[in-house]
Amino acid sequence: MKGIERDTGLRASQVITEVTGVSADRVAVLSGPNLAPEIMDGQPAAATVACPDEEAARRFQQACHTPYFRPYTSTDVIGCELGGAVKNIIALAVGIASGMRLGGNASALLITRGLAETTRLATAMGAHPATLAGLSGLVASCTSPLARNRTFGVHLGHGLSVEEATTATRQTTEGVKSAEAVLDLARVHGVEMPITEVISALLNDKVTLDEAAAALMQRPPKPEC
């Protein structure tokens, strides 16, 4: 499970420590650019195991390492969790662009700027920026037709409503549930997240599909960095 809890803004690991009463160094996070059907088929994959306790992360790494599944370790739980949560929102945007047939350039733009806004939020919350360029990042969720959030976005891009897209996708789409909560976090930390803001507005029927596409392309020009 991954995402941000609505109303509280807590990450999944924080919910676990709060509910169980265990210390944070006993909770590990696993996140990666992975598609479950491919892992089930034994196809090559990698992921990040993040835990404040390095030794615990290594034990987790050893427990789930196989010839086709390669886990790496990290102590950056915040970066790993936020990468795993926000990438689903960006995948929705990429799926919408694909569904609207806006082209490969638009998808590349959304992935690149999506990584930038994910990194801004994560570092504002104490993560290391390098984590967001690692295995918890955007690639599989944004590029594969097997990715659930991207598929949901494609349905939206074809003109389906959120309810119709939910029925058509038939799987859990974390980005739909997390978009508003992530946006609330961004506001608390004073971080600008334009893609997340547009996706949240679209999911809540505050803008139309065409207005959402226009909003993403009509932002004022400025230096990239």
Side-chain angles (χ1 to χ4, degrees), residues 1-6 8-92 111 114-115 118-119 121-123 125-152 169-178 181-182 185:
M1 59 184 175
K2 54 183 175 289
I4 306 299
E5 187 177 54
R6 288 179 292 183
T8 69
L10 295 177
R11 306 186 314 276
S13 68
Q14 293 174 306
V15 173
I16 291 170
T17 57
E18 181 183 81
V19 172
T20 64
V22 303
S23 61
D25 60 5
R26 291 188 60 200
V27 179
V29 174
L30 177 69
S31 183
N34 296 316
L35 303 163
E38 293 186 2
I39 294 177
M40 291 167 65
D41 286 343
Q43 296 183 25
T48 299
V49 177
C51 183
D53 183 336
E54 279 189 271
E55 179 56 34
R58 282 194 290 269
R59 291 199 301 272
F60 196 126
Q61 177 189 45
Q62 292 165 4
C64 62
H65 185 275
T66 74
Y68 61 87
F69 186 74
R70 183 179 181 85
Y72 292 78
T73 60
S74 171
T75 56
D76 187 2
V77 174
I78 295 173
C80 192
E81 279 193 282
L82 285 176
V86 183
K87 71 180 181 183
N88 295 314
I89 302 167
I90 307 305
L92 288 172
I111 292 171
L115 176 59
T118 305
T119 303
L121 176 62
T123 53
M125 294 177 63
H128 193 286
T131 302
L132 284 304
L135 288 167
S136 66
L138 308 174
V139 177
S141 293
C142 289
T143 59
S144 173
L146 295 177
R148 296 165 297 180
N149 291 277
R150 183 186 185 280
T151 299
F152 193 101
T169 305
R170 295 186 299 178
Q171 291 179 300
T172 299
T173 46
E174 300 96 330
V176 176
K177 300 291 186 183
S178 289
V182 169
L185 270 182

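Counting begins at 1 with the first residue of the sequence.
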Could you tell me the separation between the [atom1] atom of [X] and the [atom2] atom of [Y], rounded to the nearest 0.5 Å?
| X | Y | atom1 | atom2 | result |
| --- | --- | --- | --- | --- |
| Thr143 | Arg150 | OG1 | CZ | 7.5 Å |
| Gln61 | Thr48 | CD | OG1 | 10.0 Å |
| Arg148 | Leu92 | CZ | CG | 11.5 Å |
| Arg59 | Cys51 | CZ | SG | 8.0 Å |

Residues passing the side-chain contact (heavy atoms from CB on, under 4.5 Å) test with Gln62, sequence neighbours excluded, are none
Under the side-chain contact (heavy atoms from CB on, under 4.5 Å) rule, collect the residues that match up with Glu5, sequence neighbours excluded. Thr8, Leu10, Val15
I'd like a table of donor-acceptor pairs (distance under 3.5 Å, sequence neighbours excluded) in which one partner is a side-chain atom from residues 19-30, with atom names and distances.
residue	atom	partner	partner atom	Å
Thr20	OG1	Ile16	O	2.6
Thr20	OG1	Val22	N	3.3
Ser23	OG	Asp25	OD1	2.5

Heavy-atom donor-acceptor pair, [X] side chain to [Y] backbone, under 3.5 Å:
| X | Y | result |
| --- | --- | --- |
| Ser178 | Gly175 | no |
| Thr151 | Pro145 | yes |
| Thr173 | Val176 | no |
| Ser74 | Asp76 | yes |
| Asn149 | Ala91 | no |

Side-chain contact test, heavy atoms from C-beta onward, threshold under 4.5 Å: evaluate it for [X] versus [Y] and give yes or no.
| X | Y | answer |
| --- | --- | --- |
| Leu115 | Ile90 | no |
| Thr73 | Phe60 | no |
| Leu35 | Glu38 | yes |
| Met125 | Leu185 | yes |
| Leu135 | Pro33 | yes |
| Ile111 | Cys142 | yes |

Salt bridge (charged side-chain N to carboxylate O under 4.0 Å, His left out) with Arg58: which residues, sequence neighbours excluded? Glu55
Sorted by chain and number, sequence neighbours left out, salt bridge (charged side-chain N to carboxylate O under 4.0 Å, His left out) with Arg11 holds for Glu81
Out of Thr119, Val77, Val182, Ile4, which residue meets the side chain to side chain contact (heavy atoms under 4.5 Å, CB included) rule with Leu82? Ile4
Glu54 CD: over 12 foreign heavy atoms closer than 6.0 Å: no
Shortest non-hydrogen contact from [X] toward [Y]:
| X | Y | value |
| --- | --- | --- |
| Lys87 | Ser31 | NZ-OG, 4.2 Å |
| Ala45 | Ile39 | CB-CG1, 4.1 Å |
| Phe69 | Cys64 | CD2-O, 3.2 Å |
| Thr123 | His128 | CG2-C, 4.5 Å |

Taken in chain and number order and not counting sequence neighbours, the residues that satisfy side-chain hydrogen bond (donor to acceptor under 3.5 Å, both in side chains) with Tyr72 are Arg70
